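First up is the structure itself, then whatever we jot down about it.
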Amino acid sequence: MNEILTITELVEKLIVPGLRFTCFPIHGDIPFEDQMAVFNQTATDEVKIIVATNAAESSVTLPDVDHVICLGLCKQIIYNAQSHRQMLTPTWISKASATQRAGRTGRVRPGTVYRLYSRENFENHMEDFEPGEMLRIPLDSVILMLKEMLNDESVTCVLMDCLEPPNTSTIERSFESLYKSNFLTQPEDESEITSLGSFVLALGVDLQLGSVVGLGSQFGIAAEAIQLAAV
């Protein structure tokens with residue numbers, strides 16, 4: 001959001017005789033009513049500029065886009081195998097996403113796409129498609145939810161039946177992580193959810209933050225633990 005606002009401020013400072021630039025940010029944190037203004041008709045001396053996240057790839061279709069500037073980047077959740085944590089970080093988009101972005105123009109009249117990266121990078125360094133989210137996140141919360149839902153059924157079998165099944169090593173690390181955090185009774189599929197695991201799952205927050213709140217409640221310092229988790 002900060003980057004979108006920075007670009008918006010820079011664009012709206014541009015001075016071109018006879019033209020004025022109006023920016024419309026598209027972002028999940030912006031109220032829906034404000035984002036709908038992007039569909040309003042522009043004046044004859046007005047240039048409409050949309051500064052958008054990935055929402056513009058598929059969620060929003062504007063009929064009158066003449067030019068698309070594609071940076072070739074997006075912020076995406078990726079899995080760090082060394083730390084067994086997920087990170088939101090800038091990364092290259094896939095070829096499929098690049099094609100989807102190009103399709104934002106040329107709806108009702110010819111359009112142009114400016115890709116701010118080399119053809120070599122597109123052909124040699126971008127994946128054909130983005131990997132599924134299950135391959136990009138630690139499976140701790142997924143396994144905990146499945147354990148709650150499936151009761152005595154095997155969680156591993158369900159995960160391996162997915163269209164893009166995760167690596168077995170990732171599943172094993174998640175079981176170990178859940179056991180060390182005292183969310184499961186054993187670091188294996190046959191384990192049961194502990195009372196702390198059920199409590200954290202019901203909170204619906206990051207598991208480690210939920211653990212802070214849960215342990216704080218057990219030791220009678222719930223208010224302080226909630227404040228610490230919020231920080």
Side-chain angles (χ1 to χ4, degrees), residues 1-16 19-43 45-80 85-109 111-117 121-122 125-138 141-142 145 164 203-210 229-231:
M1 186 65 194
N2 183 54
E3 292 166 338
I4 286 178
L5 293 176
T6 300
I7 292 174
T8 299
E9 291 173 1
L10 289 171
V11 169
E12 291 184 339
K13 288 179 181 177
L14 293 174
I15 299 176
V16 177
L19 288 179
R20 55 190 174 93
F21 299 94
T22 306
C23 282
F24 296 90
I26 301 293
H27 190 279
D29 289 342
I30 298 173
F32 177 74
E33 295 77 15
D34 294 347
Q35 296 190 66
M36 288 299 292
V38 76
F39 291 98
N40 295 340
Q41 200 70 26
T42 55
D45 64 340
E46 183 181 18
V47 177
K48 181 194 297 184
I49 299 174
I50 299 102
V51 188
T53 62
N54 291 8
E57 281 186 24
S58 56
S59 302
V60 180
T61 300
L62 302 170
D64 55 351
V65 176
D66 289 315
H67 306 283
V68 168
I69 301 175
C70 176
L71 302 179
L73 295 169
C74 68
K75 280 193 173 179
Q76 189 178 72
I77 293 175
I78 64 169
Y79 172 58
N80 187 317
R85 288 289 174 263
Q86 62 188 30
M87 303 181 299
L88 184 65
T89 182
T91 183
W92 288 111
I93 61 175
S94 65
K95 293 177 182 176
S97 289
T99 302
Q100 187 75 7
R101 292 184 180 190
R104 299 302 93 192
T105 187
R107 295 278 170 171
V108 295
R109 54 181 178 267
T112 308
V113 178
Y114 299 93
R115 290 176 170 168
L116 302 189
Y117 45 91
N121 191 49
F122 176 82
H125 300 292
M126 288 184 176
E127 301 288 342
D128 290 334
F129 300 95
E130 292 179 4
E133 188 171 351
M134 192 171 290
L135 302 178
R136 296 187 278 111
I137 63 172
S141 58
V142 176
M145 283 189 289
E164 292 181 300
L203 287 180
V205 299
D206 177 82
L207 295 184
Q208 298 306 318
L209 295 181
V231 171

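Numbering of residues begins at 1 and proceeds along the displayed sequence. Being a predicted model, the structure only gives us computed values, none of them experimental.
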Donor-acceptor contact below 3.5 Å, side chain [X] vs main chain [Y]:
{"X": "Glu164", "Y": "Pro131", "result": "no"}
{"X": "Lys48", "Y": "Asn40", "result": "yes"}
{"X": "Thr105", "Y": "Val65", "result": "yes"}
{"X": "Glu130", "Y": "Ile93", "result": "no"}

- prompt: Can Asp128 and Ser94 be said to form a side-chain contact (heavy atoms from CB on, under 4.5 Å), step by step?
  reply: CA-CA 6 Å; Asp128 290 334; Ser94 65; over 6 Å; no
query: With sequence neighbours excluded, what pairs up with Asp66 under the salt bridge (charged side-chain N to carboxylate O under 4.0 Å, His left out) test?
result: Arg109
statement: Heavy atoms of Asp206 and Gln208 approach each other most closely as OD2-N, 3.1 Å
statement: Closest non-hydrogen contact found for Cys23 with Val51 is SG-CG2, 4.5 Å
- prompt: Are Arg20 and Asp45 side-chain neighbours, meaning at least one heavy-atom pair lies under 4.5 Å?
  reply: yes
- prompt: Side chains of Thr53 and Ile4: does their closest heavy-atom pair fall under 4.5 Å?
  reply: yes
Could you measure the distance from the [atom1] atom of [X] to the [atom2] atom of [Y]? Nearest 0.5 Å is fine.
{"X": "Arg101", "Y": "Ile69", "atom1": "CZ", "atom2": "CD1", "value": "12.5 Å"}
{"X": "Glu46", "Y": "Thr22", "atom1": "CD", "atom2": "OG1", "value": "3.5 Å"}
{"X": "Thr8", "Y": "Glu3", "atom1": "OG1", "atom2": "CD", "value": "11.5 Å"}
{"X": "Leu62", "Y": "Arg107", "atom1": "CG", "atom2": "CZ", "value": "9.5 Å"}
{"X": "Met36", "Y": "Ile30", "atom1": "CE", "atom2": "CD1", "value": "14.0 Å"}
{"X": "Leu5", "Y": "Leu10", "atom1": "CG", "atom2": "CG", "value": "11.0 Å"}

task: Can you sort out the partners of Arg115 under side chain to side chain contact (heavy atoms under 4.5 Å, CB included), two or more places apart, ordered by chain and number?
output: Cys70, Ala98, Ala102, Val113, Tyr117, Phe122
- request: List in chain and number order the residues that pass side chain to side chain contact (heavy atoms under 4.5 Å, CB included) with His125, two or more places apart in sequence or in another chain; answer none if no residue qualifies.
  value: Asn121
- request: Verify side-chain contact (heavy atoms from CB on, under 4.5 Å) between Trp92 and Leu73, making sure each step is shown before the conclusion.
  value: CA-CA 5 Å; Trp92 288 111; Leu73 295 169; 3.9 Å; yes
query: Should we count CD of Glu127 as having more than 12 external heavy atoms under 6.0 Å?
result: no
